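Computed from a prediction, not measured in an experiment: that's the story for all the values here.
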Amino acid sequence: LLLLLGGCSSMATQKLAGNLVSSMLNQDDPATVRAAIPAYLVLLDGLIKDDPDNTELLISASRLYGAFAKGLEDEPVRSRRLVERAKNYARTALCIKAYEICQSEEKAFSEFVASLDQLNASSIDVLYAYATSYADWISVKSDDWNALMFLPKVEAILHRIVSLEPGYANGRAQLYLAVMHSQLPTSLGGKPETGRNHFELALQYSQGRDFIAKVEYARTYARLVFDRPLHDRLLNEVINTNPVVEDLTLSNIIAQQKAQALLNDDYF
């Protein structure tokens with residue numbers, strides 16, 4: 001396959017990368033994906049080495065590395081390495097597509113937001129890859145103050161995305177905002193009701209088909225405010241619904257496993 005790819009056009013390799021990601025997302029057996037995905041990641045690394053400025057390839061690689069790290073890899077050190085690779089690929093793509101954002105990364109927050117406001121919907125894919133990979137990176141480096149300091153900028157990017165397209169990626173941008181706002185109670189400066197609003201929007205835009213939105217709604221918001229009826233209803237809906245949905249099947253099956261684990265623990 002690698003020898004054949006040597007003569008492929010950029011468009012062909014982009015299509016291959018997209019098909020690889022889609023085939024992973026539509027698998028119904030996480031164990032099969034867990035065993036197969038390292039080979040796909042190495043293949044994407046090779047395609048990018050041959051075409052390092054191809055933003056579509058970079059975004060596909062970021063998505064696949066991130067999905068592996070967050071959904072299929074249980075070993076913390078390895079997960080961190082995978083998340084780091086996902087972040088680096090997404091940042092490279094952004095620097096190619098929207099160089100001004102890379103230039104303003106280390107500038108004052110107001111300048112960073114001003115640069116975001118200049119971007120239009122043509123940059124939304126790379127903005128989303130960048131924001132979500134950084135959010136995942138921050139989540140695995142919660143003990144690193146330098147990483148946490150970047151969180152407001154990630155939130156600003158996500159707000160820019162939903163201002164451009166509120167239902168982008170089946171509401172996943174809304175979901176990331178929901179989780180961010182559901183980490184602390186109101187008494188400690190959190191905004192759980194803002195989080196709840198974003199969760200409801202995520203469910204609305206995915207038409208309830210993205211199970212991870214319900215699992216995170218239960219795990220973060222419902223547990224934070226001690227709403228057990230909401231918690232149990234959301235998780236039971238996930239467990240009792242057919243998980244097969246285009247480009248969400250793998251995520252939904254993993255969400256069902258997480259939902260069962262949450263129901264089985266002694267939180268309440």
Side-chain angles (χ1 to χ4, degrees), residues 58-59 62-63 65-71 73-95 98 100-117 119 126-163 168-169 171-199 201-202 212-213 215-225 258 267:
L58 290 163
I59 291 171
S62 179
R63 286 184 70 192
Y65 268 99
F68 189 24
K70 299 295 289 183
E73 179 54 58
D74 298 323
E75 203 282 305
V77 174
R78 190 178 185 205
S79 180
R80 283 191 175 207
R81 286 201 301 268
L82 295 167
V83 167
E84 187 83 28
R85 181 67 69 93
K87 175 180 73 73
N88 291 341
Y89 275 144
R91 186 180 185 277
T92 300
L94 185 79
C95 290
E100 61 273 26
I101 302 298
C102 286
Q103 289 291 90
S104 63
E105 263 187 344
E106 303 302 325
K107 293 182 180 179
F109 183 72
S110 59
E111 292 182 66
F112 182 79
V113 172
S115 65
L116 286 176
D117 290 341
L119 299 179
V126 72
L127 276 178
Y128 179 74
Y130 179 81
T132 55
S133 65
Y134 264 79
D136 292 341
W137 175 72
I138 292 168
S139 74
V140 300
K141 294 176 72 70
S142 57
D143 57 344
D144 184 341
W145 180 245
N146 290 323
L148 290 173
M149 287 178 64
F150 202 80
L151 192 58
K153 292 182 179 179
V154 171
E155 184 179 342
I157 298 169
L158 290 167
H159 278 297
R160 181 58 179 157
I161 291 168
V162 299
S163 74
Y168 180 78
R172 280 285 176 98
Q174 301 281 0
L175 175 57
Y176 271 87
L177 286 168
V179 172
M180 286 181 181
H181 287 299
S182 301
Q183 298 300 308
L184 295 171
T186 304
S187 60
L188 294 178
K191 298 179 180 179
E193 293 312 308
T194 299
R196 179 169 192 162
N197 181 57
H198 284 296
F199 274 122
L201 287 170
I212 200 66
V215 169
E216 289 301 314
Y217 197 172
R219 187 186 68 84
T220 57
Y221 175 85
R223 291 192 170 202
L224 182 67
V225 301
K258 292 183 176 181
Y267 186 84

> Is the side chain of S62 donor-acceptor paired with the backbone N or O of L58 at a distance under 3.5 Å, no angle test?
Replying inline: no

>> Parallel, tilted or perpendicular, judged at 30° and 60°: which one describes the rings of Y134 and W137?
In response: perpendicular

>> One thing to verify: whether E216 and R219 come together as a salt bridge, which I'm taking to mean a side-chain N less than 4.0 angstrom from a carboxylate O.
In response: yes

> Distance-only, no hydrogens or angles: does the S163 side chain make a donor-acceptor pair with backbone N or O of R160 under 3.5 Å?
Replying inline: yes

>> Using 0.5 Å steps for rounding, measure from the CD atom of E105 to the SG atom of C95.
In response: 6.0 Å

>> Which heavy atom of A213 sits nearest to which heavy atom of L175, and what is that distance?
In response: CA-CD1, 3.8 Å

> For V140, does its backbone N or O pair with a side-chain atom of R80 as donor and acceptor, under 3.5 Å?
Replying inline: yes

> S139 and K70: side-chain donor and acceptor closer than 3.5 Å?
Replying inline: yes

>> If you apply the rule side chain to side chain contact (heavy atoms under 4.5 Å, CB included), what do you find for H181 with N197, and how did you get there?
In response: CA-CA 10 Å; H181 287 299; N197 181 57; over 6 Å; no

> With distance as the sole test, does S182 use its side chain to make a donor-acceptor pair with the main-chain N or O of V179 at under 3.5 Å?
Replying inline: no

> Taking the six-membered ring for Trp, is the centroid-to-centroid distance between Y168 and Y128 below 6.0 Å?
Replying inline: yes

> Say you draw a straight line from CD1 of I101 to CG of L94; how long is it, rounded to the nearest 0.5 Å?
Replying inline: 6.5 Å

> Which pair of heavy atoms, one from G171 and one from A202, lies closest together, and at what distance?
Replying inline: O-CB, 3.6 Å

> Can you tell me how far CZ of F68 sits from CZ of R78, rounded to the nearest 0.5 angstrom?
Replying inline: 4.5 Å

>> On a heavy-atom basis, which atom in M180 and which in L158 lie closest, and how many Å separate them?
In response: CE-CD1, 3.5 Å

> From K153 NZ over to I138 CD1, what is the distance, rounded to the nearest 0.5 angstrom?
Replying inline: 11.0 Å

> Does T220 reach the main-chain N or O of Q183 with its side chain, forming a donor-acceptor pair under 3.5 Å?
Replying inline: no

> Between A135 and V154, which heavy-atom pair has the shortest distance, and what is it?
Replying inline: CB-CG1, 4.0 Å

> Where is the tightest heavy-atom contact between I59 and A93, given as atom of each residue plus distance?
Replying inline: CG1-CB, 4.2 Å

>> With a 4.5 Å cut-off on side-chain heavy atoms, are L116 and H159 touching?
In response: no

> Which atom pair, heavy atoms only, marks the closest approach of L224 to L184?
Replying inline: CD2-O, 3.4 Å

> Do D136 and Y176 pass the side chain to side chain contact (heavy atoms under 4.5 Å, CB included) test, and can you show the C-alpha distance, the side-chain angles, and the key distance before you say yes or no?
Replying inline: CA-CA 10 Å; D136 292 341; Y176 271 87; 3.3 Å; yes

>> For a side chain to side chain contact (heavy atoms under 4.5 Å, CB included) check, start with the C-alpha distance between R196 and Y217, then their side-chain angles and the critical distance, and finish with the verdict.
In response: CA-CA 8 Å; R196 179 169 192 162; Y217 197 172; 2.9 Å; yes

> Passes salt bridge (charged side-chain N to carboxylate O under 4.0 Å, His left out), R81 versus E84? Steps please.
Replying inline: CA-CA 5 Å; R81 286 201 301 268; E84 187 83 28; over 6 Å; no

>> Pair E193, T186 - check side chain to side chain contact (heavy atoms under 4.5 Å, CB included), show working.
In response: CA-CA 9 Å; E193 293 312 308; T186 304; 5.9 Å; no

> Under a 4.5 Å cut-off applied to non-hydrogen side-chain atoms, are L82 and R85 in contact?
Replying inline: no

> Is a side-chain N or O of Y221 found less than 3.5 angstrom from the main chain of F199, in a donor-acceptor match?
Replying inline: no

